[in-house]
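The next block holds one structure in the form of structure tokens; read it before the comments.
Values below: all heavy atoms of this structure, side chains included; hydrogens, waters and symmetry mates excluded. Proteins come first, then strands; the chains are lettered A, B, ... in the order of their sequence lines, and each starts at number 1.
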There are 2 protein chains.
Amino acid sequence: MSKPQGARQPTIKEVANLAGVSPMTASRTLAGGRNVRPDLQERVMAAVRELGYFRNENARSLRPGQPSGLIGIAITNLANPYYGSFALGVEEVAAEHGRRIILGNTGEDVARERQLVSDFIGRQVDGLILVPTSGDAAHLRPERLGHVPLVLASRRVPGLDVDTVLLDDVGGSYRGTISLLDAGHTRIGFLGNRTSVFTGERRYRGFERAMTERGVPIDTAIVARDQQDVDAASRAARVMLDLDEPPTAIFSANNRNSIGALREIGRRIRDGLPGPHPSMVSFDDFELSELMPVPVTVIDHDARLLGREAATLLFARLDDDTAEAARTVELPVTIEYP
Amino acid sequence: MSKPQGARQPTIKEVANLAGVSPMTASRTLAGGRNVRPDLQERVMAAVRELGYFRNENARSLRPGQPSGLIGIAITNLANPYYGSFALGVEEVAAEHGRRIILGNTGEDVARERQLVSDFIGRQVDGLILVPTSGDAAHLRPERLGHVPLVLASRRVPGLDVDTVLLDDVGGSYRGTISLLDAGHTRIGFLGNRTSVFTGERRYRGFERAMTERGVPIDTAIVARDQQDVDAASRAARVMLDLDEPPTAIFSANNRNSIGALREIGRRIRDGLPGPHPSMVSFDDFELSELMPVPVTVIDHDARLLGREAATLLFARLDDDTAEAARTVELPVTIEYP
DNA sequence: CTGTTAGCGCGTTCAG
DNA sequence: CTGAACGCGCTAACAG
């Protein structure tokens with residue numbers, strides 16, 4: 001009955017009035033109660049409960065030096081289970097440090113990324129974690145960010161010297177490819193990301209290195225590096241497998257391409273098309289990979305851990321602040337044979 | 001050289017000084033430039049660029065009636081691809097309305113949920129979307145939320161009359177179960193969520209209705225309703241399938257249970273254990289379900305759409321504000337036969 | 001068209 | 001131990 005319909009939140013002043021004390025006493029009570037008489041504290045807390053009072057964190061962070069308690073995180077595709085796990089990892093560590101995350105999806109669009117970052121800064125985030133979307137570094141330079149600490153995950157941005165968490169893309173791809181070569185394959189297809197994407201480049205490099213080392217030529221007819229989603233990957237696999245000399249094995253540089261390729265391979269098996277159907281190596285795990293109709297070797301890593309590591313790097317910088325040089329952490333990957 | 005190392009953001013006052021105008025002129029320029037001479041606008045914008053100024057959104061939202069532009073969203077498990085997609089759906093619609101989302105993971109823990117909601121309110125969110133974690137509604141009652149609009153997704157909370165987006169859990173489960181009965185199965189196992197979870201209850205009800213309607217008895221020995229993750233689901237499936245009279249088909253009430261059951265079925269097939277191996281119905285889709293070694297019928301729905309719908313309901317209330325009765329939207333599911 | 005004043009909710013500083 | 005005053009960054013409302 002007393003509350004206006006406008007959903008206005010009660011203020012500390014109203015709490016103080018109801019408790020019959022000054023706003024400062026209420027504030028001190030909420031801050032832990034040091035130097036406040038217990039009976040007054042009790043009255044304040046009662047008023048808080050009665051009014052349903054919550055401290056206004058925004059007003060609080062207005063005060064200079066007060067952190068907002070927010071970490072901004074921008075990722076490229078939340079619908080990809082990998083990035084969901086990644087975000088969870090960041091969220092966990094942030095929660096351990098009493099921070100909240102504020103999240104945006106870039107969809108691999110630089111303009112959107114720029115917009116998100118501005119907004120995050122405008123909300124006074126204590127730090128930023130992002131999976132950068134491309135090579136344009138201008139809006140990410142420290143001075144443009146008001147020197148808010150930034151951690152990059154998964155990918156590096158050329159010319160930007162900041163804390164970064166990466167996977168051992170090259171090593172993983174190399175070892176995965178070697179396992180195919182060891183199994184006797186010499187005609188190996190490659191499915192990957194757009195070349196411009198950092199990880200796509202690195203994973204191709206590992207593949208290339210293994211092939212070159214063993215003296216196996218790479219046939220560009222069975223290299224497709226431009227698929228960003230499952231459907232495109234399916235189509236690319238189809239084209240390859242319809243060739244007169246189809247690959248006997250396929251290296252897929254990420255989760256989306258693996259799913260797409262397997263969908264196509266499954267279709268061919270169901271339709272009774274002649275084999276042999278290709279073995280696969282997949283960079284990125286996916287659930288039930290062990291039940292696939294062709295052997296799948298998985299280059300596995302822990303996206304959640306990647307997120308945790310990124311957050312850890314960020315908090316290290318927030319706490320120490322001792323303008324140390326940018327650090328890069330490269331997380332290992334494990335190869336799981338079929 | 002001018003910037004103190006403390007990463008303090010430039011203020012509108014500094015912008016105004018540099019441009020040689022008053023803070024109000026700068027403010028008006030940033031607000032769109034109405035009633036500001038073009039040449040002054042240009043000077044302001046130049047100062048903004050030079051200083052790398054961003055409007056302080058927190059200070060902005062301090063002003064009464066000013067929305068914060070934040071939507072709080074709490075989900076139970078970000079690592080579940082379903083909730084990742086759900087969050088993406090919310091994020092998309094929020095972005096269309098110029099809002100940002102602030103996100104927390106409850107891990108099915110009520111205390112954590114309560115804490116998150118407090119924090120969200122404290123940050124002056126314009127609205128809340130949550131996948132509630134259990135039956136305790138006290139901290140979610142409108143007056144406790146300062147009348148910040150709340151939308152529930154996936155689950156309802158008893159005694160809480162707010163906007164809600166649900167799936168057709170009962171109907172979907174019913175139809176999925178019927179498809180098994182039609183195929184001649186009479187010994188059908190059930191894998192599901194903790195009973196307390198709203199969807200677990202509803203999905204069991206659909207299962208039960210179909211069985212009862214066809215006069216097929218439910219054997220509690222092959223009903224397991226307490227698995228929240230893949231490993232637990234695997235174990236439950238194993239126990240069932242090791243019985244003297246194992247089920248010839250399994251109804252799984254969610255993604256996690258489906259993956260767990262299939263993992264166990266796959267293991268048995270690889271280990272050469274005697275069949276016949278059970279057919280499955282899975283509430284929730286998962287990738288590559290068409291490649292499974294046993295027939296899988298999928299009760300499919302679109303988590304991203306669920307998120308979009310929840311956000312749509314929320315913005316409808318934010319815009320109209322005409323204290324209408326709580327609405328419930330029940331999204332259809334589709335059955336995909338193997 | 002532009003500038004001044006005032007106040008949003010809170011907590012630091014300084015008096016009582 | 002308690003309270004009053006001030007200011008954080010910003011923008012309505014009111015002069016000019």
>> Classify Arg28(B) by what it touches in the nucleic acid, base, sugar-phosphate, or nothing, heavy-atom distance under 4.0 Å.
In response: base

Residue set satisfying side chain to side chain donor-acceptor pair (under 3.5 Å) with Thr164(A), at least two apart, ordered chain then number -> none

Sequence neighbours excluded, the answer for ring pair (Phe, Tyr, Trp, His ring centres under 6.0 Å) partners of Phe54(B) is none

Tyr82(A) meets the ring pair (Phe, Tyr, Trp, His ring centres under 6.0 Å) criterion, sequence neighbours left out, with His301(A)

Taking only N and O in the side chain of Ser22(A), is any of them less than 4.0 Å away from OP1 or OP2 of dT2(D)?
no

Separation of dC10(D) atom P from Met24(B) atom CE, nearest Å, is 12 Å

Per the under-4.0 Å heavy-atom filter, residues of residues 29-42 of chain B near DNA chain C come out as Asn35(B), Val36(B), Arg37(B), Leu40(B)

Contacts of Arg43(B) meeting salt bridge (Lys or Arg N to Asp or Glu O under 4.0 Å) (sequence neighbours excluded), chain-then-number -> none

Query raised in the report: Does the side chain of His147(B) pick up a donor-acceptor pair with the side chain of Gln9(A) at under 3.5 Å?
Result: no

Across all chains, not counting sequence neighbours, the ring pair (Phe, Tyr, Trp, His ring centres under 6.0 Å) partners of His97(A) are Phe315(A)

Note: Asn56(B) and Asn58(B) closest approach over all heavy atoms is OD1-N, 2.9 Å

query = Does Thr25(A) make a side-chain N or O approach to OP1 or OP2 of dG3(D) shorter than 4.0 Å?
reply = yes

Rounded to whole Å, the CD-P distance (Glu14(A) to dC8(C)) equals 11 Å

Between NZ of Lys13(B) and P of dG3(C) the distance, given in whole Å, is 15 Å

Rounded to whole Å, the CG-P distance (Leu62(A) to dC8(C)) equals 13 Å

Here the distance between atom P of dC10(D) and atom CG of Asn58(B), to the nearest Å, is 11 Å

Rounded to whole Å, the CG-P distance (Leu51(B) to dG9(D)) equals 13 Å

In whole angstroms, the gap separating C1' of dG9(C) from CZ of Arg60(B) amounts to 18 Å

Rounded to whole Å, the CD-P distance (Gln66(A) to dT13(C)) equals 11 Å

